There are 2 protein chains.
Amino acid sequence: MTRFYNLTQIKSVLEKIQPIQEIEEGFIAYSEGKTEIPPVGEMLFKKPPGDVHIKYGYIVDDDYYVIKIASGFFESPQSSRYTSDGLLLLFKKGTGELACALLDECYLTHVRTAAAGAVVAKYLAPKHVDRIGIVGAGTQGRMQLEFLDSVIDCKDVMAWGMNKKELDEYKEDMELVGYNVRTTLKAEDIAAHCNLIVTATPSKSPLLSADKVRKGTHITAMGSDTPEKNELDPRILQKADIIVADSISQCLLRGEIHQALKAGVLEKERIVELGNVIVNPNLQRTSEEQTTIADLTGVAVQDIQIAKAVYHALVGENKS
Amino acid sequence: MTRFYNLTQIKSVLEKIQPIQEIEEGFIAYSEGKTEIPPVGEMLFKKPPGDVHIKYGYIVDDDYYVIKIASGFFESPQSSRYTSDGLLLLFKKGTGELACALLDECYLTHVRTAAAGAVVAKYLAPKHVDRIGIVGAGTQGRMQLEFLDSVIDCKDVMAWGMNKKELDEYKEDMELVGYNVRTTLKAEDIAAHCNLIVTATPSKSPLLSADKVRKGTHITAMGSDTPEKNELDPRILQKADIIVADSISQCLLRGEIHQALKAGVLEKERIVELGNVIVNPNLQRTSEEQTTIADLTGVAVQDIQIAKAVYHALVGENKS
């Protein structure tokens with residue numbers, strides 16, 4: 001029987017799953033060519049302005065396929081704020097039966113995205129993190145930090161945001177969960193004081209410049225997921241020792257790697273794929289001197305993995 | 001609040017809607033360029049063999065967008081029979097809120113497809129239909145006939161099928177709803193005895209030949225929806241007076257028109273689009289001598305229209 005779950009029900013089982021491990025396994029399957037992931041479906045709306053993305057696919061040996069629908073509207077009838085919504089559908093292969101609909105309001109997208117940040121840090125962050133830098137004090141700025149907790153032994157944070165109010169709220173929230181947070185309105189301060197940096201903004205022009213980034217820093221750039229968005233000076237990628245894409249094919253067309261290729265400062269051959277980095281220690285950070293960059297644009301295999309894990313947790317819960 | 005409806009609930013409100021009118025209005029909007037319909041999304045499965053199609057889009061001035069997911073598996077774990085399943089999702093523009101999920105098990109696809117057959121017959125069938133010919137005694141072979149009832153004044157039917165058992169069942173079912181049914185195992189008989197013919201098979205080679213089709217016949221070919229499937233001898237299109245596509249852009253790539261273009265016997269300029277035929281009497285049948293062909297490959301605007309109509313009927317029902 002098909003089951004429908006709302007956000008409260010989904011959140012209630014999250015502690016039973018291991019998102020970081022699930023996402024790690026997903027990236028491995030993806031880089032090993034064990035997934036079938038068609039191009040992203042897209043609807044663009046002019047009035048009211050917004051967009052809908054359909055990400056879908058399956059892992060070849062799995063019993064399920066997953067379709068995620070995620071929307072963003074910039075001026076909803078109810079408010080002038082950005083509204084995002086969506087759901088995940090898990091179907092049984094062989095019959096097409098809908099196993100479950102997860103009405104997660106995009107929450108699981110935040111979880112799988114933050115989990116990818118932790119996977120990246122596990123293999124690329126320097127051994128000794130002085131201070132974690134968070135560029136962008138929004139939802140992902142919070143969740144990336146929470147997910148780093150299990151892989152990075154550092155409680156000192158510097159956060160950059162658009163304004164003091166946003167940063168004050170961020171500081172308050174993150175200190176509640178055990179971090180020591182300094183804030184700044186100058187993105188340069190992040191580069192100067194942090195050697196593990198996560199950028200999580202919708203910026204269309206670089207926030208970090210190549211001159212300021214300290215040698216040995218790792219940067220996870222997860223804000224850019226379109227051909228236009230851009231958080232890093234392309235020369236940061238030019239100077240980096242290791243450049244990792246969540247999906248090489250996707251990063252050629254969108255994200256920081258796309259920007260650096262377009263700027264002519266990066267050769268395709270230098271890019272390695274996250275799933276390969278996870279399984280091959282030679283592709284991981286091997287010294288504290290290396291500067292490393294991970295470009296996360298979001299891959300459907302993450303949605304597939306998180307949907308399956310949540311479904312199993314929910315069904316297990318219902319059975320008990 | 002999101003609502004989920006199963007097939008029983010959906011069927012219970014069908015008599016409150018006017019599928020033929022809804023589909024007609026949808027085709028008009030489509031041909032007038034008032035819809036946004038991206039290319040069909042597709043997943044193909046090798047083991048177990050099957051496919052999933054995602055059809056989606058919206059009418060520009062509407063308050064909703066619709067995503068339909070439909071699957072077909074050829075060897076399900078439970079049986080060796082073909083299994084189809086699917087659902088329709090209706091979302092609110094401006095917020096992305098899921099207004100309803102119609103778990104119709106593909107039934108509404110059958111309805112919107114049969115309704116399109118009736119729309120076509122309304123504008124292209126000869127005034128005097130001697131006998132209706134049905135090629136393919138499956139679900140659509142039944143539903144096309146039921147939907148023709150309101151637009152064609154003829155109760156005499158000849159049906160072709162794969163075997164006697166299938167045809168006996170078909171005859172029994174259709175006589176129960178008031179038709180006089182003769183059956184045949186020779187498709188040629190249909191061409192010889194009928195001047196309104198509907199082909200509804202998954203055939204990959206022509207079932208009707210050009211020599212046998214009587215002058216003045218109308219044929220609705222709705223079985224072929226892929227680049228490979230083919231029910232009509234391409235020369236039938238070559239000799240026809242009016243050739244109608246549900247979607248010209250789609251029929252260039254799949255269906256009977258695609259086959260005739262590939263065979264080099266049809267010029268693109270001869271094809272007219274159904275939405276234009278509906279509004280322009282000059283494009284409709286104007287004499288009993290004309291031979292007319294409609295190629296129906298299935299367009300997302302039909303799914304959009306039927307989903308909206310059923311949703312409104314369901315919500316109205318719940319309010320009362």
Side-chain angles (χ1 to χ4, degrees), chain A residues 1-4 6 35-58 60-63 65-79 81-87 89 91-99 101 103 105-106 300, chain B residues 1-4 6 35-58 60-63 65-79 81-87 89 91-98 101 103-106 300:
Chain A
M1 205 196 73
T2 303
R3 292 204 173 90
F4 302 88
N6 64 25
T35 60
E36 291 288 344
I37 297 185
V40 176
E42 186 174 62
M43 274 181 273
L44 303 175
F45 300 88
K46 282 175 201 147
K47 199 182 156 187
D51 53 53
V52 174
H53 287 97
I54 308 175
K55 292 192 174 182
Y56 57 106
Y58 60 93
V60 175
D61 292 334
D62 261 2
D63 296 328
Y65 58 94
V66 170
I67 299 175
K68 181 176 87 168
I69 297 153
S71 60
F73 285 92
F74 301 94
E75 299 166 16
S76 78
Q78 283 79 41
S79 78
R81 286 186 55 219
Y82 179 80
T83 310
S84 63
D85 205 339
L87 73 161
L89 303 168
F91 296 89
K92 289 185 188 165
K93 267 159 78 174
T95 62
E97 187 192 335
L98 179 64
L103 306 170
E105 301 170 26
C106 286
Chain B
M1 203 196 74
T2 302
R3 292 203 174 94
F4 302 87
N6 64 25
T35 61
E36 290 288 343
I37 298 187
V40 176
E42 184 175 63
M43 275 183 272
L44 301 175
F45 300 89
K46 283 177 200 142
K47 197 182 157 188
D51 52 54
V52 174
H53 287 97
I54 308 175
K55 291 190 175 182
Y56 57 106
Y58 60 94
V60 174
D61 291 334
D62 262 1
D63 295 329
Y65 56 96
V66 170
I67 299 176
K68 181 177 87 169
I69 296 154
S71 60
F73 285 93
F74 301 95
E75 299 165 14
S76 77
Q78 283 79 42
S79 78
R81 286 185 53 219
Y82 179 80
T83 311
S84 65
D85 205 340
L87 73 160
L89 302 169
F91 295 88
K92 289 186 187 164
K93 268 159 76 174
T95 62
E97 186 192 335
L98 179 64
L103 307 169
D104 72 321
E105 302 170 26
C106 286

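What you see is a predicted model; the values in this text were computed from it and never measured. In what follows, chains are A, B, ... by sequence order, proteins preceding strands, each numbered from 1.
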What is the distance from atom [atom1] of [X] to atom [atom2] of [Y], rounded to the nearest 0.5 Å?
X	Y	atom1	atom2	answer
Lys92(A)	Thr83(B)	NZ	OG1	13.0 Å
Leu103(A)	Leu98(B)	CG	CG	6.5 Å
Ile69(A)	Phe91(B)	CD1	CZ	4.0 Å
Ile67(B)	Ile54(A)	CD1	CD1	4.0 Å

- Note on the structure: Honestly, the part of Glu105(A) sitting under 4.5 Å from a heavy atom of chain B is neither
Check [X] against [Y] and note the closest heavy-atom contact, atom names and distance.
X	Y	value
Met43(B)	Tyr58(A)	SD-CD2, 3.8 Å
Pro48(A)	Gly94(B)	CG-CA, 3.3 Å
Lys93(B)	Phe45(A)	CG-CE2, 3.7 Å
Ser71(A)	Tyr65(B)	CB-OH, 3.6 Å

- Taking only residues two or more places apart in sequence or in another chain, which ones pass salt bridge (charged side-chain N to carboxylate O under 4.0 Å, His left out) with Asp63(A)? none
- Query: Which residues pass the salt bridge (charged side-chain N to carboxylate O under 4.0 Å, His left out) test with Asp51(A), sequence neighbours left out?
  - Reply: none
- Where does Leu44(B) contact chain A at under 4.5 Å (heavy atoms): side chain, backbone, both or neither? backbone
